[in-house]
Number of protein chains: 2
Amino acid sequence: MNDDERLSRILKAAGDTTRRKILTLLVQEGALRVTSLASHFEMSLNSVSKHIKVLEEAGLVTRRTLGREHFMAAELEPLKRTEAWFAELKSIWDLRLSALETMILSEDDQ
Amino acid sequence: MNDDERLSRILKAAGDTTRRKILTLLVQEGALRVTSLASHFEMSLNSVSKHIKVLEEAGLVTRRTLGREHFMAAELEPLKRTEAWFAELKSIWDLRLSALETMILSEDDQ
DNA sequence: TGATAAGTCAACCATATGGGTGAATATTGA
DNA sequence: TCAATATTCACCCATATGGTTGACTTATCA
């Protein structure tokens with residue numbers, strides 16, 4: 001998987017309210033089991049399990065299995081990719097603006 | 001539409017490669033027409049038009065119509081919401097970690 | 001005025017997504 | 001050993017998504 005697909009996965013995973021809530025819960029509570037996470041939502045355990053899988057595939061959550069219990073933990077590092085993308089956009093934007101400025105200034109010279 | 005839905009829209013809009021490319025083009029080139037944008041992609045004008053609509057509904061793009069031409073421009077401000085969300089997550093994370101640290105230190109006391 | 005150009009709208013298609021249920025698997029504990 | 005627990009897997013369903021084509025509207029300009 002290339003960087004672009006990875007970024008798409010992260011953004012798509014983060015683009016769902018339930019999944020963002022799961023992430024928030026993990027960030028504030030630390031590692032939690034699937035059932036424990038599911039108790040916060042009005043949807044089946046299975047649906048929550050599927051959301052967790054999406055987060056996991058985006059690298060936003062890691063799993064530690066102890067016996068029959070799966071402990072999920074938030075992994076914020078991948079979100080840096082989205083910040084990096086935004087920062088890149090802003091830098092391109094600034095480049096263009098400064099180029100425009102230079103153009104206007106040189107026109108003033110004439 | 002509440003903040004959460006708005007954030008979902010932004011993240012979903014940004015979660016597609018084609019749409020991110022459109023945003024990048026607009027950031028580096030400034031306002032561009034739909035046809036001009038579409039020329040960069042191997043898909044129909046209509047498909048690009050639909051992607052633009054998604055970006056527009058997320059507030060990531062604005063439209064200025066002059067006669068039959070529609071000029072699209074990038075709007076980076078909504079992306080700050082995603083940064084704010086990330087920042088909030090990080091601050092919750094730090095809160096928990098410092099609470100943990102305090103706990104461990106007080107245990108050392110005993 | 002009439003052809004062409006720029007876009008959107010509407011309908012369609014295949015696949016993805018978010019939800020559900022029931023069965024299967026693996027671990028625990030009595 | 002056997003029942004209960006934790007979780008995933010395999011389907012199923014409705015709706016969303018990303019793409020297509022064709023028709024429609026509005027401007028432009030020869």
Side-chain angles (χ1 to χ4, degrees), chain A residues 1 4-26 29-74, chain B residues 1 4-26 29-74:
Chain A
M1 198 178 17
D4 199 58
E5 293 173 54
R6 226 181 305 270
L7 181 54
S8 286
R9 281 213 183 185
I10 296 164
L11 288 165
K12 279 177 190 163
D16 180 90
T17 302
T18 303
R19 290 195 287 265
R20 283 200 304 281
K21 280 186 196 149
I22 290 176
L23 260 192
T24 304
L25 280 168
L26 292 176
E29 307 287 332
L32 291 175
R33 289 182 309 120
V34 177
T35 303
S36 166
L37 277 169
S39 72
H40 292 84
F41 300 93
E42 287 182 339
M43 76 178 62
S44 72
L45 174 70
N46 281 18
S47 295
V48 174
S49 170
K50 279 207 269 184
H51 280 301
I52 290 171
K53 198 177 170 193
V54 172
L55 287 167
E56 210 180 354
E57 282 163 355
L60 289 168
V61 139
T62 52
R63 184 186 302 256
R64 196 167 43 101
T65 304
L66 291 181
R68 61 185 166 180
E69 296 175 310
H70 298 211
F71 287 89
M72 315 304 309
Chain B
M1 197 178 20
D4 198 59
E5 294 173 54
R6 227 182 305 270
L7 181 54
S8 287
R9 282 213 182 186
I10 296 164
L11 287 165
K12 279 176 189 164
D16 180 272
T17 303
T18 303
R19 291 196 284 267
R20 282 199 306 280
K21 278 186 196 147
I22 290 176
L23 259 192
T24 304
L25 280 167
L26 291 176
E29 306 287 333
L32 291 175
R33 289 182 309 119
V34 178
T35 304
S36 166
L37 277 169
S39 72
H40 292 83
F41 300 92
E42 287 183 337
M43 75 178 64
S44 72
L45 174 69
N46 282 16
S47 295
V48 174
S49 171
K50 279 208 273 181
H51 279 301
I52 290 171
K53 199 178 171 193
V54 172
L55 287 167
E56 210 181 352
E57 282 163 355
L60 288 167
V61 138
T62 53
R63 183 186 303 256
R64 196 166 43 100
T65 305
L66 292 179
R68 62 184 167 179
E69 296 174 310
H70 298 211
F71 288 89
M72 314 304 308

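By convention in this document, chain letters (A, B, ...) are assigned in the order of the sequence lines, proteins followed by strands, and residues within each chain are numbered from 1. When reading the values below, keep in mind they use all heavy atoms of this one structure, side chains included, and skip hydrogens, waters and symmetry mates.
- In this structure, A/Arg68 places its CZ atom 8 Å from C1' of C/dG29, rounding to the nearest Å.
- Residues from residues 56-65 of chain A placing a heavy atom under 4.0 Å of any atom in DNA chain C do not occur.
- Not a single donor-acceptor pair under 3.5 Å links the side chain of A/Arg33 to the backbone N or O of A/Glu69.
- The line from CG of B/Asp4 to CG of A/Asp16 is 9.5 Å long, rounded to the nearest 0.5 Å.
- Residue B/Asn46 is classed as a base contact, given a heavy-atom separation below 4.0 Å to a base.
- Rounding to whole angstrom units, CG of residue B/Leu45 and P of C/dA10 are separated by 17 Å.
- If you take NZ of A/Lys12 and P of C/dA16, they are 10 Å apart, rounded to a whole angstrom.
- Distance from the side chain of A/Ser47 is smallest to C/dG20 among D/dG19, D/dT7, C/dG20.
- Toward the 5′ end of DNA chain D lies the nearest nucleotide of A/Glu69, the other residue of the pair A/Glu69 and B/Asp16 mapping further downstream.
- Comparing A/Glu42 and B/Phe71 along DNA chain C, the residue whose closest nucleotide (by nearest heavy atom) sits nearer the 5' end is B/Phe71.
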(Q) Walk me through whether B/Leu23 and B/Arg20 qualify under side-chain contact (heavy atoms from CB on, under 4.5 Å). (A) CA-CA 5 Å; B/Leu23 259 192; B/Arg20 282 199 306 280; 5.5 Å; no
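- Both A/Arg19 and B/Lys53 lie close to DNA chain C; mapped to their nearest nucleotides by heavy-atom distance, the more 5′-ward contact belongs to B/Lys53.
- For the pair A/Leu37 CG and D/dA6 P, the interatomic distance rounds to 14 Å; values are reported in whole Å.
- You'll find the side chain of B/Leu26 reaches within 4.5 Å of the side chain of B/Leu37, heavy atoms only.
- A/Lys21 has its side chain within reach of A/Thr17: a pair of non-hydrogen atoms, C-beta onward, lies under 4.5 Å apart.
- Residue B/Ser49 places none of its side-chain N or O atoms closer than 4.0 Å to OP1 or OP2 of C/dG7.
- Counting heavy atoms from C-beta on, the side chains of A/Glu56 and A/Arg63 come closer than 4.5 Å.
- Counting to the nearest Å, the P atom of C/dG18 and the NZ atom of A/Lys21 are 14 Å from each other.
- Dashed line: the shortest gap from a side-chain N or O of B/His70 to OP1 or OP2 of C/dT8 is under 4.0 Å.
- Residues A/Thr65 and A/His70 meet the side-chain proximity criterion, which asks for heavy atoms closer than 4.5 Å.
- Distance, B/Lys50 NZ to D/dT20 P: 9 Å, rounded to whole Å.
- Contact between the side-chain N/O atoms of A/Arg33 and the OP1/OP2 oxygens of D/dA6 is found at a separation under 4.0 Å.
- In this structure, A/Met72 atom CE and D/dA6 atom C1' are separated by 13 Å, rounded to whole Å.
- Nucleic acid contact class of A/Ser44 (heavy atoms, under 4.0 Å, all strands): base.
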